[in-house]
Amino acid sequence: MATTPLSANSHGDHASHELPFGTLVGILLLLMVLMGLTIGASYVTLPSVGPIPGIVINNLVAVGIATIKAALVIWFFMGVKFASALARIWVIAGFLVLFLMFGILGDYGTRKFEQVNGWETNVPHNGGETALPRVWPPEGKPSSTPEVEQGFRPR
Amino acid sequence: MAAIAHDTHEDHGALHHQFENIEQQNDSYIVGMWTFLVTEVMFFGALFLIYTLYRSMYQMDWYLAHEELDVKLGAFNTIVLLISSFTVAVAVRSAQRKERGLVLANIGITIACAFIFLVVKAFEYSAKFEHHLYPGPTFGSVPEHLNGANANYAQLFYGLYFGMTGLHALHIIVGIIVLSALFNLWWRKCDSVMKDYIPTELVGLYWHFVDLVWIFLFPLMYLMPKPH
């Protein structure tokens with residue numbers, strides 16, 4: 001009964017599947033430190049780097065730290081470190097598709113817009129429609145015009 | 001064939017007859033669980049996509065609206081979830097080593113952490129409801145809690161806040177149910193968990209995923225940098 005490719009494991013014996021207790025504690029402490037770091041970073045106004053505005057750098061730092069934390073949890077706590085090649089492909093494919101899904105955002109740059117009834121004023125509960133509040137500046141008008149405050153949604 | 005199946009069965013008490021060996025069986029369970037988790041990633045991913053779109057459009061209004069959220073409570077809940085994730089990892093390790101007492105203790109701490117998280121979340125939600133910050137006809141009727149944000153845009157933020165943290169809280173509740181069932185199996189010394197660590201491992205994977213979602217929700221909801 002030979003080992004099938006399905007169960008091929010890069011680490012071999014069963015005992016290596018256990019993480020030492022010290023490693024688990026270390027990961028927990030590292031996650032706590034990273035959490036403190038992300039809280040601190042959110043209160044710091046980071047400078048812009050070249051054409052990239054500072055606020056984008058701020059957001060990249062926040063998402064970057066969250067991604068490192070997630071990677072630590074996935075790799076150590078969720079045991080992907082010891083998982084078979086098949087299981088790893090499954091995990092990577094899942095997050096790859098999530099990444100690709102964000103390409104949908106490009107679609108919103110191709111739309112025309114119409115006014116949303118009820119968004120004429122900033123006063124809430126004026127009896128108007130607020131169900132589809134995809135407000136964007138109308139085409140050809142700078143974003144500081146009153147129409148922007150009134151509200152427009154893609155057609 | 002029956003003889004072969006019988007032989008294999010004697011070697012590994014946990015092995016089911018349709019698998020070649022225990023490694024293949026464990027791998028099938030793990031891949032199956034990850035398949036479920038990947039669907040969950042897509043499920044939450046769509047919400048993160050909506051969040052990214054509207055946040056990029058209404059940066060300032062969302063920043064003003066998010067200032068109503070309590071960073072201290074959010075950070076406290078993050079610590080609680082990180083600890084619970086750690087205790088689940090210890091529980092899985094103990095299950096592999098067949099240390100029943102440690103498994104029970106760590107699952108117990110995890111369930112306690114889950115309840116603490118929900119209690120804190122309930123306090124946060126009730127404050128938002130008092131201030132009329134839930135999406136609906138009375139949204140923003142206490143204008144001082146909008147911090148000067150456009151009510152329509154702030155309502156979008158709170159719609160996603162309640163949608164995403166609410167869905168996450170639902171996963172916590174499901175987690176409590178599943179962890180309690182696992183605790184019960186260990187408590188009754190059932191063979192299904194005592195002889196095979198995989199059930200404990202799979203529940204652990206689910207709980208780590210719940211922690212994973214919060215790792216992203218916390219900075220995105222509570223820690224918006226000031227647009228500049």
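Keep in mind that the numbers below use all heavy atoms, side chains included, and drop hydrogens, waters and symmetry copies. Only a predicted model underlies this, so the values are computations on that prediction, with no experimental measurement involved. In what follows, every chain begins at residue 1, and chains take the letters A, B, ... in the order their sequences are listed.
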Participant: Report yes if some heavy atom in the side chain of Asn59(A) is under 4.5 Å from a heavy atom in the side chain of Arg55(B); otherwise report no.
Facilitator: yes
Participant: Rounded to the nearest 0.5 Å, how far apart are CZ of Arg93(B) and CG of Leu19(A)?
Facilitator: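 Taking CZ in Arg93(B) and CG in Leu19(A), the distance rounds to 8.0 Å.
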Participant: Counting heavy-atom pairs under 4.5 Å to chain B, which of Ala62(A), Gly79(A), Gly54(A) comes out on top?
Facilitator: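 Highest number of heavy-atom pairs under 4.5 Å: Gly54(A).
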Participant: Chain A: which of Pro225(B), Pro227(B), Ala89(B) shares the most heavy-atom pairs with it under 4.5 Å?
Facilitator: Pro225(B)
Participant: Hey, could you give me the OG/CG distance between Ser85(B) and Leu72(A), rounded to the nearest 0.5 Å?
Facilitator: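 Interatomic distance, Ser85(B) OG to Leu72(A) CG, rounded to 0.5 Å: 11.0 Å.
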Participant: Side-chain contact test, heavy atoms from C-beta onward, threshold under 4.5 Å: evaluate it for Phe216(B) versus Lys69(A) and give yes or no.
Facilitator: no
Participant: Return yes when atom CZ of Phe102(A) has more than 12 non-hydrogen atoms of other residues, nucleotides or ligands closer than 6.0 Å, and no otherwise.
Facilitator: yes
Participant: If you compare all heavy atoms of Phe95(A) against all heavy atoms of Trp34(B), which two are closest, and at what distance to 0.1 Å?
Facilitator: CE1-CZ3, 4.3 Å
Participant: Quick check on Pro47(A) against chain B: is it the side chain, the backbone, both or neither that has a heavy atom closer than 4.5 Å?
Facilitator: neither
Participant: Top residue by heavy-atom pair count (under 4.5 Å) with chain B, among Val44(A), Ile65(A), Leu46(A)?
Facilitator: Leu46(A)
Participant: Quick one: do Leu212(B) and Met78(A) satisfy side chain to side chain contact (heavy atoms under 4.5 Å, CB included)? Show the steps, please.
Facilitator: CA-CA 10 Å; Leu212(B) 220 53; Met78(A) 296 177 97; 4.3 Å; yes
Participant: What part of Ser48(A) gets closer than 4.5 Å to chain B, counting heavy atoms only: side chain, backbone, both or neither?
Facilitator: neither
Participant: Counting only heavy atoms closer than 4.5 Å, note whether Leu98(A) contacts chain B via side chain, backbone, both or neither.
Facilitator: both
Participant: So, taking the atom named CD1 in Ile215(B) and the one named OG1 in Thr67(A), what distance separates them when rounded to the nearest 0.5 Å?
Facilitator: 10.0 Å
Participant: For chain B, which candidate among Ala66(A), Gly36(A), Pro53(A), Ala87(A) shows the most heavy-atom pairs at distances under 4.5 Å?
Facilitator: Ala66(A)
Participant: Ring-plane angle category for Phe77(A) and Phe86(B), please: parallel below 30°, perpendicular beyond 60°, tilted otherwise.
Facilitator: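 Plane angle between 30° and 60°, so tilted.
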Participant: When you compare the side chain of Met224(B) with that of Asn58(A), does any pair of heavy atoms fall below 4.5 Å?
Facilitator: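 Counting from C-beta outward, Asn58(A) and Met224(B) never come under 4.5 Å.
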Participant: Would you please go through residues 104-112 of chain B and name the residues with a non-hydrogen atom below 4.5 Å from one of chain A, in numerical order?
Facilitator: none
Participant: Which atoms of Tyr222(B) are under 4.5 Å from chain A, going by heavy atoms: the side chain, the backbone, both sets, or neither?
Facilitator: neither
Participant: Just wondering, more than 12 heavy atoms not from Phe129(B) lying within 6.0 Å of its CZ?
Facilitator: yes
Participant: For the interface with chain A, which of Leu37(B), Val71(B), Val38(B), Leu82(B) has the highest count of heavy-atom pairs at distances below 4.5 Å?
Facilitator: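 Between Leu37(B), Val71(B), Val38(B), Leu82(B), the count favours Leu82(B).
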Participant: Can you tell me which portion of Glu201(B) sits under 4.5 Å from chain A's heavy atoms? Options are side chain, backbone, both or neither.
Facilitator: side chain
Participant: Distance from Ser84(A) atom OG to Gln24(B) atom CD, nearest 0.5 Å?
Facilitator: 10.5 Å
Participant: How long is the span from the CE atom in Met42(B) to the CE atom in Met101(A), to the nearest 0.5 Å?
Facilitator: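 Met42(B) CE to Met101(A) CE: 4.5 Å, rounded to 0.5 Å.
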Participant: Side chain, backbone, both or neither: which part of Thr35(B) has an atom under 4.5 Å from a heavy atom of chain A?
Facilitator: both
Participant: Which pairs, with at least one residue in residues 22-76 of chain A and sequence neighbours excluded, count as a ring pair (Phe, Tyr, Trp, His ring centres under 6.0 Å)?
Facilitator: none
Participant: So which of Val88(B), Leu220(B), Thr52(B) has the largest heavy-atom pair count under 4.5 angstrom toward chain A?
Facilitator: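 Heavy-atom pair counts peak at Thr52(B).
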Participant: Side chain, backbone, both or neither: which part of Ile30(B) has an atom under 4.5 Å from a heavy atom of chain A?
Facilitator: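 Side chain of Ile30(B) only, per the 4.5 Å heavy-atom cut-off to chain A.
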Participant: At what distance, to the nearest 0.5 angstrom, does CD1 of Ile79(B) lie from CE of Met35(A)?
Facilitator: 4.0 Å
Participant: Can you confirm whether more than 12 heavy atoms, excluding those of Lys98(B), are under 6.0 Å from its NZ atom?
Facilitator: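 Correct, the count exceeds 12.
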Participant: Go through the steps for Lys226(B) and Ile55(A) under the test side chain to side chain contact (heavy atoms under 4.5 Å, CB included), then give the verdict.
Facilitator: CA-CA 7 Å; Lys226(B) 196 175 183 357; Ile55(A) 181 70; over 6 Å; no
